[in-house]
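The chains referred to below are lettered A, B, ... by the order of the sequence lines, with proteins before strands, and numbering in each begins at 1.
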Amino acid sequence: MSGPLDYQWEEERYTDGSKWRFLEHKGPVFAPPYEPLPSKVKFYYDGKPMKLSAPAEEVATFFAKMLDHEYTTKDIFRKNFYKDWRREMMSEEKSKISDLNKCDFTEMSDYFKAQSEARKQMSKEEKLKNKEENERVLQEYGFCMMDNHKERIGNFRIEPPGLFRGRGDHPKMGMLKRRIRPEDIIINCSKDSKHPKPPQGTRWKEVRHDNKVTWLVSWTENIQGSIKYIMLNPSSRIKGEKDWQKYETARRLKKCVDRIRGQYRDDWKSKEMRIRQRAVALYFIDKLALRAGNEKEEGETADTVGCCSLRVEHIKLYPEMDGQEFVVEFDFLGKDSIRYYNKIPVEKRVFKNLQLFLENKQSEDDLFDRLNTSILNKHLQELMDGLTAKVFRTYNASITLQQQLKELTSPEENIPAKILSYNRANRAVAILCNHQRAPPKTFEKSMQNLQTKIDAKKDQLSDARRELKSAKADAKVRKDEKTKKAVETKKKAVQRIEEQLMKLEVQATDREENKQIALGTSKLNYLDPRISVAWCKKWDVPIEKIYNKTQREKFAWAIDMADEDFAF
DNA sequence: AAAGTAACTTAGGAACTGAAGT
DNA sequence: ACTTCAGTTCCTAAGTTACTTT
């Protein structure tokens, strides 16, 4: 495969840390301005209709749009919302409205529901018109020129204002995420490019020309005070090369992982506490694919942890459990407040060390009190150039996929069965990395539907078999060409139906096993795509069965590069 | 060495879309 | 033509890491 969209992946690598020479783009697309509600849609305070000023009304609509969500009933959400809402009110509104519980947003809420219903009911022509308009905006703002390539931009739309909803038990849920204006925006582009124009009558906060970074646009968000960026799409050269580099680092780890494992096992015996802690933490990161675990500012975010920030309360030690010795039980909330629960037997030395680390501590104390991510990563850097905690996740994920594919793929199986094997290998990785999802709301139903199809297919199969049988009997008696041919046709039909049935059954298995597991994250971020490309080539599985269009674009470099002999 | 800043990757769920089923 | 559902895309929060400042 080669064409104008292909990259020569090794072209122009800058050695001075610069990321590009030329960068030209049109700037961001702003959120549409607020449209006041029609006057017939009323807000009620204490049972009486009340006309709100535009700024107060806008914030009220944010709340109204979320009314069906459980979190609008949560104290923290309501408290944060109410506080920020009041800041947008005029002084009379402030004095009139003194209790959120007396606010009635239901008319607003119903209005928005009706609106979205109306949007669904739009005529074909209107839908087409919308689609064309979106396409036009995409063509105008969705691409940029970076060096000699036209590249797709990832997120060229500025995040619209609304109420912040963090994940898990977030102390800031319900706060107002304010509208971003041109005056908040920093533009990054090259000096010699045509600079993006701010909307009529406005100006950018700043235009800079920093080619040491990859972003095109940035602004500071008001909830956490962090910076948000507009960057390129994963299909871009700059992202692709970085991704490739990531997997090359993981492959370098493969070469020295035995040495490193030997080293941390030795360190379990160190006379220095900090070294023992470092070594046990690294063992967890390696064996369980835990995240590094930076410390977080209390009260600013949900209370989640990773390896280095584990607390006493997150593990339990069992000298003996279910016939196994030295079992550690983990139970904590990780990234995105996803629960990590695992019971694993560990080596005696690890167990003894953990007991030591727990001595004289309260449940809310740090398990590894002499360790943090910075110390750990500094140590890792000394063990291998470019090594950090997250490289272990990448390495263990990719090596697991490769091993599992080898183990699970049977040469004689057909393509659907091979794909099931692939998904099972993928699943092993997702389980390792604890990539969970909420069971889809329609899960039970969709399983049922599939079962119905399977039953129907089974009926169809027995019918076809019966027909085949009678055709055979017929052929035995008549012995002419016509009946012989009929037998062949029926045979084919049976075969085809068997295959279809098998495909459905495989699909059901796959879906059932996937109920609470998300494969996408590992596929997109942890698995060296060359492993999958090589596997597809080896077993003649079309790459389209494994990667959809977007994924093929993201992994173009790997599809280009890997042959069937590729080994991670 | 602790805290703060910046840039970038990783993450799950919501919204959207288009194809299959009725 | 209309609905339903699965797959895809969008959205943006939440991490990691390197670097700078105090």
Which part of the nucleic acid, if any, lies within contact of [X], taking any heavy atom under 4.0 Å across all strands shown: a base, the sugar-phosphate backbone alone, or nothing?
| X | result |
| --- | --- |
| K177(A) | sugar-phosphate |
| I338(A) | sugar-phosphate |
| P234(A) | nothing |
| N294(A) | base |
| K549(A) | nothing |
| G306(A) | nothing |
| R437(A) | sugar-phosphate |
| T373(A) | nothing |
| A302(A) | nothing |
| K378(A) | nothing |
| F164(A) | sugar-phosphate |
| G520(A) | nothing |
| T304(A) | sugar-phosphate |

Using whole Å, what does the distance between atom [atom2] of nucleotide [N] and atom [atom1] of [X] come to?
| X | N | atom1 | atom2 | answer |
| --- | --- | --- | --- | --- |
| E295(A) | dA3(B) | CD | P | 8 Å |
| D243(A) | dT16(C) | CG | P | 19 Å |
| N525(A) | dT16(C) | CG | C1' | 13 Å |
| L163(A) | dT12(C) | CG | P | 13 Å |
| K242(A) | dA7(B) | NZ | P | 12 Å |

Notebook entry, point to check: Which heavy atom of Y422(A) sits nearest a heavy atom of S532(A), and at what distance?
Noted result: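 That would be OH-OG, 2.7 Å.
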Next item on the list: Decide yes or no, distance alone: a donor-acceptor N/O pair under 3.5 angstrom between the base of dT10(B) and the side-chain of K335(A).
Entry: yes
Item checked: 5′-ward residue of the pair M447(A)/N155(A) relative to DNA chain C ->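 Its nucleotide being nearer the 5' end, the pick is M447(A).
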Checklist line | Nearest-nucleotide comparison on DNA chain C, the residue closer to the 5′ end among G166(A) and Q551(A) | finding: Q551(A)
Next item on the list: Nearest-nucleotide wise, let me know which of K131(A) and Q436(A) is further upstream toward the 5' end of DNA chain B.
Entry: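 Looking at the nearest nucleotide for each, Q436(A) comes out on the 5' side.
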Note to self: Can you work out whether K246(A) or R119(A) has the more 5'-proximal nearest nucleotide on DNA chain B?
What the structure shows: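 Nearer the 5' end of the strand: K246(A).
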Checklist line | Quiz item: cation-pi between K65(A) and F112(A), 6.0 Å / 45° | finding: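 Yes, a cation-pi geometry holds between K65(A) and F112(A).
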Check: Between K150(A) and F143(A), is NZ or CZ placed under 6.0 angstrom from the six-membered ring centre and within 45° of the ring axis?
Finding: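 Yes, K150(A) and F143(A) form such a contact.
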Next item on the list: Using a strict 4.0 Å threshold on nitrogen-to-oxygen distance, state whether R208(A) and D210(A) make a salt bridge.
Entry: no
Notebook entry, point to check: Any Lys/Arg nitrogen of D184(A) or R179(A) sitting under 4.0 Å from an Asp/Glu carboxylate oxygen of the other?
Noted result: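 No, no charged N to carboxylate O under 4.0 Å.
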Notebook entry, point to check: Is the shortest heavy-atom distance from the side chain of C433(A) to the side chain of V429(A) under 4.5 Å?
Noted result: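 They are in side-chain contact.
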